[in-house]
Amino acid sequence: MTQSPLPPSPVSGQPDYLERLNPEQRQAIETIDGPLLILAGAGTGKTRVLTTRFAHILLTGHARPHQILAVTFTNKAAREMRDRVGALLGGPVEGLWLGTFHSICARMLRRHAEYVGLTTGFTILDTDDQLRLVKQVMEPYRVDTKRWPPQGMLGVIQRWKDRGLTPDRVTPAEDSEFGGGCARRVYADYQARLIAVNACDFGDLMLHMTEIMRTRPDVLAQYHRLFRYILVDEYQDTNTIQYLWLRLLAKRAGQPSNIACVGDDDQSIYSWRGAEVENILRFERDFPGAKVVRLERNYRSTAQILAAAAGLIAHNDGRLGKTLRPGREDAHGEKVQVVSVWDSDEEARVVAGAIERLRADGHPLSEIAILMRAGFQTRPFEEQLMTRGLPYRVVGGLRFYERAEIRDCLAYMRVLAQPADDLAFERIVNVPRRGVGTAALQKLHLEARQIKGPLTAAVARQMADGTAKGKSKAALQSLMQGFERATETLAREGQVVAVEQLLEDVGYLAMWREDKSPEAPGRLDNIKELLRAIGDFQSLEGFLEHVALVTEAEDSAAEDKVSLMTLHGAKGLEFDSVFLPGWEEGVFPSQRSLDEGGLKSLEEERRLAYVGLTRARRRATVLHAARRRIYANWQDAIPSRFIEEIPADYVEHSGQAMQERRLTAAQPSVFAFGPVSSRRPNYGHAPRVTDVYDASPTDITVGTRVFHQKFGYGIVTDVDVDRLQVQFEKAGEKRVMASFVEVAV
DNA sequence: GTTCGAAGCGTTTTT
DNA sequence: CGCTTCGAAC
């Protein structure tokens with residue numbers, strides 16, 4: 001890293017990294033001291049500003065690399081920032097405090113672990129461990145786990161942690177909500193158990209560090225001296241504990257708070273996991289004298305898409321206020337397409353067909369995405385893409401490190417690295433099946449309690465004193481021998497050989513080799529991949545730390561495939577063409593969301609819609625179906641309110657199904673579908689949408705000759721409220737909605 | 001302790 | 001519909 005400023009550009013007299021920035025971007029970068037809020041709308045060059053600002057602080061000599069704290073939410077964002085800062089500075093920079101909230105806290109906590117009763121080598125638990133632990137802790141309370149599942153309890157604890165509440169800070173009033181009033185005590189016991197096994201869950205990384213900085217002024221002062229500048233990405237996604245942690249670090253007596261937060265309140269979509277939009281809305285009050293810079297020039301999308309998105313998001317209240325403007329002159333573009341289809345199957349066909357056409361026109365599939373509200377919506381699209389031979393990838397499924405076989409292997413490694421890791425030991429003690437079930441494990445727990453030691457010590461003890469007998473004795477003995485041999489190998493030949501030997505020795509690999517299920521070979525491949533990855537690290541501990549904090553799979557974005565993912569998963573990404581299916585009331589906005597959170601949730605859903613639209617560079621296509629298959633049965637659906645919230649000027653409707661909500665929006669029933677069948681009251685005086693619907697309600701009876709947009713002419717053979725059985729001349733017998741046919745003349 | 005079948009249930013997800 | 005989970009029978 002060089003401390004001298006870069007040579008100025010010969011043309012402008014500015015360092016060349018400041019060239020081609022717009023005035024707002026420049027301001028966000030060149031405002032170095034004092035609190036700064038950068039409101040960065042979608043596609044306004046946020047990452048560029050953040051990284052350039054980082055480099056600028058270094059290159060102007062305001063700080064050395066290790067004196068800047070830069071926090072992100074995801075490892076991906078951290079990696080990108082690290083790479084781009086490196087690129088600006090002409091090479092990788094060492095010693096940066098740049099990472100996710102959690103990785104930075106882990107790094108800090110390893111230094112100060114003793115203040116919360118841990119040792120520096122503490123384990124970071126995965127969700128399986130957490131659940132196992134909370135189950136154990138709940139047991140003595142005899143909670144009805146039907147009503148109060150351990151997952152729910154874990155959720156309550158996590159939310160408390162997100163809010164910075166240690167067990168003693170949970171008020172009795174807040175306690176009563178779950179588990180019949182024992183949640184607070186379970187939480188306290190859970191924390192005690194974590195300390196006892198020298199472990200942390202994810203929430204603890206933040207909670208412990210915040211607690212340490214609250215109670216140890218010397219530690220806090222140390223970081224105050226260290227960090228001259230703080231950069232925070234995605235500030236709208238911070239939860240309370242992250243906010244408290246940042247505030248502790250940023251507020252330095254007698255010195256300015258050099259904290260720069262980048263975020264977009266319109267893209268806050270994670271309130272359900274503890275994010276508090278209020279943090280960003282409150283920034284100017286939290287940090288008096290804060291400068292606010294708005295980045296509103298969007299270099300990503302066409303003017304039409306931007307106007308559509310802006311019109312939509314304008315329906316939200318309580319925004320900081322920000323309007324995306326097109327940053328490129330050339331990008332007028334096409335209107336947002338809204339396609340009305342008959343049912344969810346047709347929706348998938350329409351999208352797949354459109355993708356085929358895009359491909360035929362030379363558009364790479366990697367520039368096409370289908371973004372939906374929920375993961376299960378991918379199915380019909382997968383089927384359609386598959387049958388047409390269009391390559392696709394589903395982003396965000398089960399991640400590599402979440403696979404059972406990988407977690408098993410990791411548990412083996414954890415016991416190898418730290419024999420006192422009871423939770424890891426519990427996971428693998430009977431995998432593969434070796435006849436050590438709950439009964440044997442119970443005995444081991446008792447023994448461990450008596451000797452006040454870990455389970456592995458209890459095993460050794462039982463081997464020695466003859467408590468163990470028969471099958472489980474032999475099994476445990478051979479397991480422990482496996483660990484002993486691996487420990488020797490680890491010292492002599494390193495972690496890769498040791499782990500492979502261990503997994504072989506204890507019969508884990510054999511278990512999958514003998515498994516006849518079709519997934520087994522894939523699992524063995526995954527394990528092979530895992531073994532390969534261990535070699536990339538200095539030590540077993542280093543590898544375990546990495547996998548505890550980095551759960552994401554490797555990016556395979558380079559392949560030319562259509563991306564299928566949730567709207568949440570798409571945040572931060574962009575594609576030339578974006579398909580947004582399932583814009584129907586109840587699906588999007590999600591009914592469940594609305595039921596739980598009312599107006600606040602509706603606004604969050606709307607932000608999600610905004611995020612979806614703004615992912616598109618050139619083409620955005622919204623779809624809604626009149627009937628959707630949900631689980632086993634078909635349900636009628638009306639178009640999402642979000643569709644009509646997009647200003648009509650920027651929308652082009654197509655498709656044959658009902659196109660406007662107006663017909664039915666005021667009606668109580670979601671089944672009201674415009675003028676329909678004979679036995680259905682015709683609500684209100686709704687205007688007709690198209691001539692297709694001009695059949696008078698009473699005209700349709702058995703024997704009526706009707707016309708259907710998709711199936712053509714046919715004779716009605718049965719009427720069931722609003723559904724008809726029709727014998728079509730060409731398409732055969734079909735069941736169709738009465739609203740989708742007209743009486744043939 | 002294991003295995004098999006019925007019952008239940010069904011957002012969004014990172015670390 | 002298709003998955004996971006739990007309980008009963010071997």
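Residue numbers begin at 1 in each chain, while the letters A, B, ... track the order of the sequences.
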### Message
For Leu131(A), is there any backbone N or O sitting under 3.5 Å from a side-chain donor or acceptor partner on Gln151(A)?
### Response
no
Please report, rounded to the nearest Å, how far the [atom2] atom of [N] is from the [atom1] atom of [X].
X	N	atom1	atom2	answer
Phe400(A)	dT13(B)	CZ	P	21 Å
Gln158(A)	dT12(B)	CD	C1'	15 Å
Gln377(A)	dG2(C)	CD	P	17 Å
Glu545(A)	dT15(B)	CD	C1'	12 Å
Asp204(A)	dT15(B)	CG	P	18 Å
Glu596(A)	dT11(B)	CD	C1'	9 Å
Arg273(A)	dT13(B)	CZ	P	9 Å
Arg434(A)	dT2(B)	CZ	P	11 Å

Per [X] side chain, nearest of listed nucleotides [options]:
X	options	result
Leu549(A)	dT11(B), dT15(B), dC1(C)	dT15(B)
Phe202(A)	dT15(B), dT2(B), dT11(B)	dT15(B)
Ala439(A)	dG2(C), dC1(C), dG1(B)	dG1(B)
Arg629(A)	dT3(B), dC1(C), dT14(B)	dC1(C)
Asn430(A)	dT12(B), dT15(B), dT2(B)	dT2(B)

### side-chain N/O Arg399(A) vs dT14(B) OP1/OP2, d < 4.0 Å
yes
#### Entry: Contact under 4.0 Å: Thr566(A) side-chain N or O vs dT13(B) OP1/OP2
yes
Using a cut-off of 4.0 Å on non-hydrogen atoms, how would the nucleic acid contact of [X] be classed: base, sugar-phosphate, or nothing?
X	result
Asn75(A)	sugar-phosphate
Gly375(A)	sugar-phosphate
Glu605(A)	base
Ser593(A)	base
Phe376(A)	sugar-phosphate
Tyr631(A)	base

For the residue pair [X] and [Y], does the interplanar ring angle fall in the parallel (under 30°), tilted (30 to 60°) or perpendicular (over 60°) class?
X	Y	value
His568(A)	Trp272(A)	perpendicular
Phe376(A)	Tyr631(A)	tilted
Phe537(A)	His546(A)	tilted
Tyr508(A)	Trp512(A)	perpendicular

### Query
Going by distance alone, is a donor N or O of one side chain under 3.5 Å from an acceptor N or O of the other, for Gln236(A) and Glu276(A)?
no
### Query
Roughly how far apart, to the nearest Å, are dT11(B) and dT4(C) at atom P?
13 Å
### Message
Taking only the P atom of each, what is the distance from dT12(B) to dT5(C) in whole angstrom?
### Response
15 Å
### Query
Are the ring of Trp272(A) and the base ring of dT11(B) both nearer than 5.5 Å at their centres and tilted by less than 30°?
no
### Query
Ignoring hydrogens and angles, are the base of dT12(B) and the side chain of Arg373(A) linked by a donor-acceptor pair under 3.5 Å?
yes
#### Entry: Closest-nucleotide 5' rank along DNA chain B - winner of Val550(A) and His568(A)
His568(A)
